[in-house]
Amino acid sequence: MADPGNSELYIYNTLTRKKEKFEPLNPPYVGLYVCGPTVYGDAHLGHSRPSLTFDLLFRYLKHLGYKVRYVRNITDVGHMESNADEGEDKILKKARLAKLEPMEVVQYYTNRFRHNMWSLNVLEPSIEPLASGHIIEQQEFVDLIVKSGYGYEVNGSVYFDVDKYNRNFNYGKLSGRVIEDLISNTRELEGQEEKKNPYDFALWKKASPEHLMHWPSRWGEGFPGWHLECSTMSTKYLGEEFDIHGGGMDLLFPHHECEIAQSTAALGKESVKYWMHNNLVTINGQKMGKSLGNAISLFEFFSGDHPLLDKAYHPMAIRFFIMQAHYRSTVDFSNDAIQASEKGLQRLFEGIKTLDKLKSSEHSTVDVEALERKCYDAMNDDLNSPVLISHLFDGLKIINFINAGQDFINEKDLKNLKNLYHDFLYNILGIDKPEEKIDTENLSDRIIRKFLQVRKEAKQRKDFATADLIRETLNQLGIEIKDTKDGFEWKIKT
RNA sequence: GGUCGGUUGGCCGAGUGGCUAGGCAGUGGUCUGCAAAACCACGUACAGCGGUUCGACUCCGCUACCGACCUCCA
């Protein structure tokens with residue numbers, strides 16, 4: 001194996017809009033924070049994209065020898081419902097509808113999310129903190145911001161003073177927005193009159209009397225603001241400065257912009273060195289989203305139980321499909337596209353079976369090292385999984401030529417080639433080895449029945465030789481056959 | 001409306017200033033009693049119009065179309 005330590009990984013930093021060489025702040029340690037799910041409903045295919053993208057990154061960093069602490073939060077509190085004009089808490093609304101405790105809803109969907117992740121072979125993060133479990137820390141974070149002069153309290157709510165912040169720092173540096181544009185574009189929402197400016201955002205929000213999810217604070221009963229949990233929990237678990245913060249592109253503004261503002265205001269410095277954003281999953285060219293009504297949940301994909309799906313898809317087909325597109329490109333869902341991936345993956349699996357049976361020779365006529373270099377180059381180029389996969393397909397030709405006796409491979413190269421597929425397909429791309437699971441009980445049953453059906457047909461056309469041959473063969477296998485008036489019976493002889 | 005991004009062959013999807021991406025489908029072939037599978041081989045492409053260049057799909061400009069964000073979402 002080439003030494004992966006020699007690899008120079010480049011990743012695209014949204015902050016600079018350039019690919020940058022990845023250099024951790026404190027090698028060999030890497031701190032990675034990713035915005036996780038809001039657990040008020042089942043995850044759909046779009047939600048799987050950040051999980052899969054940063055699972056790929058997590059796996060590759062570990063493969064390169066880094067010691068990674070991967071923190072992915074669970075948002076179980078505090079986000080607002082889209083069309084609820086009152087600004088009702090999303091989780092709360094769902095709870096009302098279903099007459100459940102809010103924490104019951106959250107627990108239910110958290111469990112289901114974890115189940116989905118397990119199906120997709122997504123590695124568990126090192127820490128999976130809940131926003132509701134860090135209320136105290138979030139309040140402390142608000143204190144820091146207020147003390148530094150960038151937060152102000154009004155009627156039991158605390159807001160972030162964007163204008164003031166922007167005078168000393170740059171609000172909009174990540175998303176490329178300018179305050180002037182925001183002024184003209186901010187929609188009128190209830191509660192705006194409390195803020196100094198419409199683009200100020202809540203750090204702590206006063207709970208209305210009917211609000212169920214609220215916590216005591218020095219400002220009164222309330223709940224944390226929309227963006228606070230990530231600033232708080234990333235700081236708590238990864239420190240005031242850490243390496244990588246990831247999430248979906250749609251979180252760029254305002255969520256991540258506000259996170260930067262909060263952390264910078266509270267800590268007096270930039271927290272994140274590299275910002276990474278995955279692109280969206282589209283369906284008919286449009287973003288897959290709950291509110292757009294075009295979402296297909298992962299459970300539906302795995303069961304095939306959705307009008308837009310031709311069939312059920314194995315989680316690995318989904319994973320491979322996502323991996324066949326670069327994380328910064330959109331990937332458009334269609335049955336044809338996933339089925340194409342599914343068949344391609346099948347061919348890859350067949351090739352690996354062939355690889356396992358390959359015999360080594362004295363000398364090699366193939367260049368395994370070059371293939372390996374190409375695979376690392378692809379991954380080092382901002383996690384280019386589609387190009388990596390194309391090299392794995394190219395490698396199939398090598399395998400098949402050796403198998404056909406047209407090329408030869410020595411023992412060392414053969415070992416390396418096996419390692420290569422093992423490392424890149426299984427460990428890095430995270431594709432699960434296919435298990436040869438056949439329902440043997442059912443299968444033998446079906447085979448016996450089919451045999452007897454053939455025998456019955458043979459008897460009907462007076463082909464007694466064939467009929468007897470079948471009976472004799474089955475008898476020898478310990479299966480006793482009894483002809484009946486209109487068919488047959490059989491049992492396994494004891 | 002503002003900001004940003006995209007437009008690649010039948011479909012999906014990479015990439016590059018001159019050299020085959022890859023997958024699926026298709027076509028031809030090998031194998032096979034037939035078929036299937038497997039394997040081998042092979043097309044078709046870079047939205048339009050200008051410009052820069054010896055040369056552009058790749059750089060620049062304009063136009064058209066699509067999308068994301070600006071408001072909860074990954």
Problem set entry | Pairwise P distance, B/G23 and B/A38 [rounded to whole Å] | 13 Å

Problem set entry | Nucleotide-level pairing of RNA chain B, given in dot-bracket where Watson-Crick and G-U pairs need both distances under 3.5 Å and | marks other strands | (((((((..(((.....[...))).(((((.......)))))....(((((..]....))))))))))))....

Exercise. Given A/C230, which of A/T235, A/V71, A/N73, A/V34 fulfils the side chain to side chain contact (heavy atoms under 4.5 Å, CB included) condition?
Worked result: A/N73

Problem set entry | Qualifying residues under salt bridge (Lys or Arg N to Asp or Glu O under 4.0 Å), relative to A/E257, sequence neighbours excluded | none

For this session: Would you please test A/Y33 and A/H245 for ring-ring contact (aromatic ring centres under 6.0 Å, His included) and show each step?
Result: CA-CA 5 Å; A/Y33 188 92; A/H245 189 126; 5.1 Å; yes

For this session: Measure the distance from NZ on A/K18 to C1' on B/G5 and round it to the nearest whole Å.
Result: 18 Å

Exercise. By salt bridge (Lys or Arg N to Asp or Glu O under 4.0 Å), which residues pair with A/R49, not counting sequence neighbours?
Worked result: none

For this session: Give me the ring orientation class for A/H256 and A/W275: parallel if the planes are under 30° apart, tilted from 30 to 60°, perpendicular past 60°.
Result: tilted

For this session: For B/C40 and B/A25, measure between their P atoms and round to the nearest Å.
Result: 14 Å

Exercise. Taking the C1' atom of each, how far is B/C42 from B/C24, in whole Å?
Worked result: 16 Å

Problem set entry | Pairs satisfying ring pair (Phe, Tyr, Trp, His ring centres under 6.0 Å), at least one member in residues 106-128 of chain A, at least two apart | A/H115-A/F299

Problem set entry | Rounded distance in Å between the P positions of B/U8 and B/C70 | 26 Å

Scan the side chains in residues 315-327 of chain A for donor-acceptor partners under 3.5 Å anywhere in the protein, sequence neighbours excluded, and list what turns up.
| residue | atom | partner | partner atom | Å |
| --- | --- | --- | --- | --- |
| A/R319 | NE | A/L429 | O | 2.7 |
| A/R319 | NE | A/G430 | O | 3.2 |
| A/R319 | NH1 | A/D55 | OD2 | 3.0 |
| A/R319 | NH1 | A/L120 | O | 2.9 |
| A/R319 | NH1 | A/N121 | O | 3.0 |
| A/R319 | NH2 | A/D55 | OD2 | 2.7 |
| A/R319 | NH2 | A/L429 | O | 3.0 |
| A/Q324 | OE1 | A/S341 | OG | 2.7 |
| A/H326 | NE2 | A/D382 | OD2 | 3.4 |
| A/Y327 | OH | A/D382 | OD1 | 2.6 |
| A/Y327 | OH | A/D382 | OD2 | 3.3 |

Can you name the atoms? Protein N/O to nucleotides 21-26 of chain B N/O, anything below 3.5 Å, with the distance.
| residue | atom | partner | partner atom | Å |
| --- | --- | --- | --- | --- |
| B/G23 | OP1 | A/R347 | NH2 | 3.0 |
| B/G23 | O2' | A/A340 | O | 3.4 |
| B/C24 | OP1 | A/R347 | NE | 2.8 |

Exercise. Listed by chain and number, what are the salt bridge (Lys or Arg N to Asp or Glu O under 4.0 Å) partners of A/R167, not counting sequence neighbours?
Worked result: none

Exercise. Taking atom types as modelled and ignoring hydrogens, do the side chains of A/N335 and A/Y313 form a donor-acceptor contact shorter than 3.5 angstrom?
Worked result: yes

For this session: Take atom P in B/A45 and the same atom in B/A21, then report the distance between them in whole Å.
Result: 11 Å

Exercise. Taking only residues at least two apart or on different chains, which pairs with a member in residues 397-407 of chain A satisfy side-chain hydrogen bond (donor to acceptor under 3.5 Å, both in side chains)?
Worked result: A/T365-A/D407

Problem set entry | Which residues share a salt bridge (Lys or Arg N to Asp or Glu O under 4.0 Å) with A/K18, sequence neighbours left out | none

For this session: Could you list the residues that satisfy side-chain hydrogen bond (donor to acceptor under 3.5 Å, both in side chains) with A/K418, not counting sequence neighbours?
Result: none

Is there any protein nitrogen or oxygen under 3.5 Å from a nitrogen or oxygen in nucleotides 67-69 of chain B, and what are the pairs?
| residue | atom | partner | partner atom | Å |
| --- | --- | --- | --- | --- |
| B/A68 | OP1 | A/K287 | N | 3.4 |
| B/C69 | OP1 | A/K287 | NZ | 2.2 |
| B/C69 | O3' | A/F253 | O | 3.4 |
| B/C69 | O2' | A/R177 | NH2 | 3.0 |
| B/C69 | O2 | A/R177 | NH2 | 3.3 |

Problem set entry | Separation of the C1' atoms in B/U44 and B/U27, to the nearest angstrom | 12 Å

Exercise. What interatomic distance, in whole Å, is found between C1' of B/G15 and the corresponding atom of B/U52?
Worked result: 22 Å

For this session: Indicate whether OP1 or OP2 belonging to B/C40 is found under 4.0 Å from a side-chain N or O atom of A/N400.
Result: yes

Nucleotide N/O to protein N/O under 3.5 Å, stretch nucleotides 29-35 of chain B:
none

Problem set entry | Euclidean distance for P, B/C57 against B/C19 (whole angstrom) | 11 Å

For this session: Verify the contact: side-chain N or O of A/N384 to OP1 or OP2 of B/G15, cut-off strictly under 4.0 Å; return yes or no.
Result: yes

